[in-house]
> 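Before we start, here is the structure in question, set down as structure tokens.
Throughout, a chain's letter reflects where its sequence line sits, starting with A, and its residues are numbered from 1. From a predicted model like this one, the values you see are computed outputs, not experimental measurements.
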Amino acid sequence: MNWAWFHRFGSPPYFYSVAGKIIPWLAWPAGLLIVAGLWGGIVMAPPDYQQSDAARIMYVHVPAAYVALMSYTVMAIAATVGLIWRMKVAHAAAAACAPIGASFAAVCLLTGMLWGQPMWGTYWAWDPRLVSVLVLFFFFLGYIGLRGAIDDVSRADRTSAVLAIVGFVNVPIIHFSVIWWNSIHQGPSLIRKGGPAMPASMWVPLVLVIFGFTFYFYAVMLMRTRAEVLRRDRGGSWVRDIVAPQEPLP
Amino acid sequence: MLRGLSLRLAEGQALQLLWPNGAGKTSLLRAVAGLIPVEDGQLLWRGNRIEDDRAAFCADLAFLGHDLALKGDLTAAENLHFSVSLRRRLAGGEIKAALDEVGLGTRADALVRQMSAGQQRRVALARLGLWGARLWLLDEPAANLDAAGQAVVVAALARHLAAGGCALISTHQPLDLSASVNRLWRDPKEAA
Amino acid sequence: MSVTASSWHAAAQILRRDLTLAFRRPGEWLQPVAFFFIVTLLFPLALDPELSHLRRLAPAALWVAAMLSSVLAIDFLFREDGRDGTLEQFALSGQSFAWLLLAKTAAHWVLTGVPLALAAPFAAIALGAPADAIPGVLASLLLGSVSLSLIGAIGAGLTLGLRRGGALLSLLVLPLAVPTLIFGARATELSIHGESMAGPMYLLAALSVFGVTVAPLAAAAAVRISLE
């Protein structure tokens, strides 16, 4: 197998130009999918027979949870690639994932609270999945905090990569321990299991928003990675050619 | 960052780095020790690539950096006992003899934090001799030492080189080693 | 990581040295135990001091206090050895670096985890636990503090050499310690109620085994980066 394409992505100028060409192909579908999915979920889908219109927050809550978890996975993979192959672009990508993932986790937690009020009668219930997302949110904050505390870029990259990998290994352990904890403290979960199967008019919009958020995540991640790559190579001649191409050389 | 360097050390030889401040003397020593990754190029020890058998290289290596790795709350003898035991088992009397050689025989049971900076450096030198390593990497070994202390460093180095060891030393003032074993390296742009 | 006879010798030397140092300067390892007592004694003051009520909260109070005091203690783990160049010498000793850090973590557990476990029964009784629960409380904290020390080693490695380490360390370590908290508090709770605590104890043991295999490698990777 030819790995040349993989190593080419390690070159910042190549990555910068290719990522720039890919971003529109992610951003436009993201916008269309999100608009279509939310239109389908909020306007067209029937109200839930138990929860009426409150359940419509699901169309944001569930995709946000999914994308938060995906961001962490992408971040851990990028960090591993960066650590093993010493690829600076991969480290920059991992750095770019963290704030996006933290934002999606925060959106998931906030929408979960808003949904909890009509459904459970309280803004916060110790639902195991919500607790897992909360822990995930703290992992993102810890990652961002560790990165911010180390001045040297290369050290920050590799130290935070170790943290990302350790956290990734622990996410399932924490998730299962929280489920176990919940089962001994709360009895049956408050969220209905199984329940009536969703009609297509409900799950199709949900899937559209999930894909929309995913595309959005990759588009923003590439934008942030490009900016990060530019910032890191700010002394390099290729950056000067991009930022101020007309300026004559001194 | 250092680039375009090439150096070779033979048995019984010392190479003193007399580069100007900020030229990367410490970085070079740390890179040779393996504390800093080398981006490009290779390091050979006895003809083998170091990364192929790092444990064997470490067994031959003694590194003395800015930080002496001594515990203030342990005595000189305890400090030596600990750092040598990480590598090999000690025979009785070895520590006493090593401290005698650096002129601290009477201070073996004194706590290191009660010693002067120069005496602490001598304890670290005694450790180098006990390790029995063939390659010494010394970062400013004579810093904080008076004339008598510098003589101790030179004597320890001379013994080490006479026994077939070699040394890479960063220093401000060239140490007064016999010309037959000594080389000076003043400019990183030249090969050595 | 290959462990030979000389590795065991080196590990024993590290244990011996760290214990000697601790006994010459006892303040360092007595502080976390004192902190543990203070936190557990704050609960009755903030709550209704009726013993039957306190008993229900005793596992939570013991484990939250244990986790906070272990975060406080973990700050000492690598700091001194990092500052004076000892970790550098560990990395160049020819022994497995992860193994030597595991030995340091073991010494740290003896100096902080064991005193914590020994202190816990007193705190538990003050919180209304019956005397029958003493062995269970002791055992659960003894086992749980192993994984707290190992998780702490990762955190200490990641924050080694940082100026603003303290709050960041707790942000990194506490989420990782969530499973230990859950199983540990559950084991303590069962023992206070006089029931079998085997289930959560097995899970705590599993966490410790997992920690022993993974944490030294992660800590070694992090410490190596900080030595550059």
> Would you say C:R24 and B:L111 make side-chain contact, with heavy atoms under 4.5 Å?
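Contact flag for C:R24/B:L111 side chains = yes.
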
> Any chance CG of B:D176 has more than 12 other-residue heavy atoms, nucleotides or ligands included, within less than 6.0 Å?
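It does not: B:D176 CG has 12 such atoms or fewer within range.
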
> Do other residues, nucleotides or ligands put more than 12 heavy atoms under 6.0 Å from the CZ atom of C:R16?
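12 or below, so no.
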
> Within a 6.0 Å radius of atom CD on B:Q173, are there more than 12 heavy atoms belonging to other residues, nucleotides or ligands?
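No, CD of B:Q173 has 12 or fewer neighbouring heavy atoms, counting only those of other groups under 6.0 Å.
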
> Could you please spell out the steps behind the side chain to side chain contact (heavy atoms under 4.5 Å, CB included) verdict for B:H81 and C:Q13?
CA-CA 9 Å; B:H81 180 84; C:Q13 292 300 324; 3.6 Å; yes

> Pick one of side chain, backbone, both or neither for C:L87, based on which atoms fall under 4.5 Å of a heavy atom in chain B.
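No part of C:L87 comes within 4.5 Å of chain B.
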
> Considering only heavy atoms from C-beta outward, does the side chain of C:H9 approach that of B:S85 to under 4.5 Å?
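Heavy-atom side-chain distance check passes, below 4.5 Å.
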
> From C:R224 CZ over to B:I36 CD1, what is the distance, rounded to the nearest 0.5 angstrom?
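So the gap between those two atoms works out to 13.0 Å.
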
> Of the non-hydrogen atoms in C:G94 and B:A55, which two are nearest, and what is the gap between them?
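Shortest heavy-atom separation between C:G94 and B:A55 comes out as O-CB, 3.8 Å.
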
> Which residue out of B:G65, B:P37, B:S27 racks up the most heavy-atom pairs below 4.5 Å with chain C?
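Most pairs with chain C among the choices: B:P37.
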
> Decide, yes or no, whether a salt bridge links C:E228 with B:R30 under the criterion of side-chain N to carboxylate O below 4.0 Å.
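Not counted as a salt bridge, because no side-chain N and carboxylate O are separated by less than 4.0 Å.
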
> What part of C:R83 is in contact with chain B, defined as an atom under 4.5 angstrom from a non-hydrogen atom: side chain, backbone, both or neither?
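Contact with chain B: backbone only.
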
> What residue in B:A133, B:A59, B:C58 has the most heavy-atom pairs under 4.5 Å with chain C?
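That would be B:C58.
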
> If every non-hydrogen atom of C:Q95 is compared with every non-hydrogen atom of B:L86, which pair is closest and at what distance?
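Here C:Q95 and B:L86 meet closest at NE2-O, 2.8 Å.
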
> Does C:D84 reach the side chain of B:L68, with side-chain heavy atoms less than 4.5 Å apart?
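C:D84 vs B:L68: side chains apart.
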
> Which residues in residues 27-40 of chain C have any heavy atom lying under 4.5 Å from a heavy atom of chain B?
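Counting heavy atoms that sit under 4.5 Å from chain B, no residue of residues 27-40 of chain C is involved.
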
> With side chain to side chain contact (heavy atoms under 4.5 Å, CB included) as the criterion, how do C:D81 and B:K71 come out once you've worked through the C-alpha distance, each side chain's angles and the decisive distance to 0.1 Å?
CA-CA 9 Å; C:D81 279 346; B:K71 289 287 167 198; 2.5 Å; yes

> Locate the shortest heavy-atom distance separating C:S93 from B:R87; write the atom from each residue and the value.
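The pair with the smallest heavy-atom distance is O-CG, 3.8 Å.
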
> Determine, step by step, whether B:H66 and C:E88 satisfy the side chain to side chain contact (heavy atoms under 4.5 Å, CB included) criterion, reporting the C-alpha distance in whole Å, the side-chain angles of both residues, the deciding distance to 0.1 Å, and the verdict.
CA-CA 11 Å; B:H66 286 290; C:E88 235 165 58; over 6 Å; no

> Return the CG to OG1 distance between B:L74 and C:T20, rounded to the nearest 0.5 Å.
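Reported to 0.5 Å precision, the distance equals 6.5 Å.
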
> For residues B:F82 and C:T86, report the shortest heavy-atom separation together with the two atoms involved.
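The answer is CE2-CG2, 4.5 Å.
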
